[in-house]
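Here is the structure we will look at.
Both ligands and their constituent atoms are indexed starting at 1 by order of listing. Each residue takes its place number in the sequence, starting with 1. Since this is a predicted model, take the numbers as computed values, not measurements.
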Amino acid sequence: MAMKKILVAGIFVSAFLLLLQCEEAHAAEFVVGDDQGWGPQTNVSRWLEGKSFKAGDVLIFRYTCPYCSFVTVISDYYYRLCDAYSGLKKFYNSGNDRVILDYGDNFFVPSYHEYCEKLKFKVFAN
Ligand SMILES: *[C@@H]1O[C@H](CO)[C@@H](O)[C@H](O)[C@H]1NC(C)=O
């Protein structure tokens, strides 16, 4: 009898968790820099103010500037060094790039080194 109760409780908990997951499936999309897009004209720290992100959300990078390609890097170490090569996770250069945020820290580094200190940024996704 106790076994049956546990089983029923288990089914309810699973259904509840499934509902929660559906809730979270609504990923938000953010255009980096809004109308200004992504590039040296953009104050990324200002753009980031007040925003929060969830895993699965999408950052959209729009740019026409030829030097505005960027990469994601695997860790804070390469992020701090502005090393777009050794810690490379993925390279983006289409000018309309969509990056799906992973859970935890996500590191964005311009591939053009001159822009790195000004433009690199990281976001934490819950
Ligand atoms: C970018 O925005 C931040 C936060 O609003 C501000 O503190 C900083 O001075 C701005 N930088 C430039 C270069 O405008």
- Using the benzene-type ring in the case of Trp, are the ring centres of Phe61 and Phe70 under 6.0 Å apart? yes
- Ring centroid separation for Tyr78 and Tyr85, is it under 6.0 angstrom? no
Ligand-protein N/O pairs under 3.5 Å (ligand 1):
from, atom 1, to, atom 2, distance (Å)
ligand 1, 2 (O), Asn43, OD1, 3.1
ligand 1, 2 (O), Asn43, ND2, 2.4
ligand 1, 5 (O), Glu49, OE2, 2.9
ligand 1, 11 (N), Asn43, ND2, 2.9
ligand 1, 14 (O), Asn43, ND2, 3.3

- Note on the structure: Applying salt bridge (Lys or Arg N to Asp or Glu O under 4.0 Å) to Glu114 and not counting sequence neighbours gives none
- Message: So that I can tick it off, tell me whether Asp35 and Arg62 are bridged by a salt bridge, with the cut-off set at under 4.0 angstrom between side-chain N and carboxylate O.
- Response: no
- Query: With sequence neighbours left out, what residues match Asn126 under side chain to side chain donor-acceptor pair (under 3.5 Å)?
  - Reply: none
- Query: Other than Phe124, which residues form its hydrophobic cluster under the rule that side-chain heavy atoms must be closer than 4.5 Å?
  - Reply: Tyr103
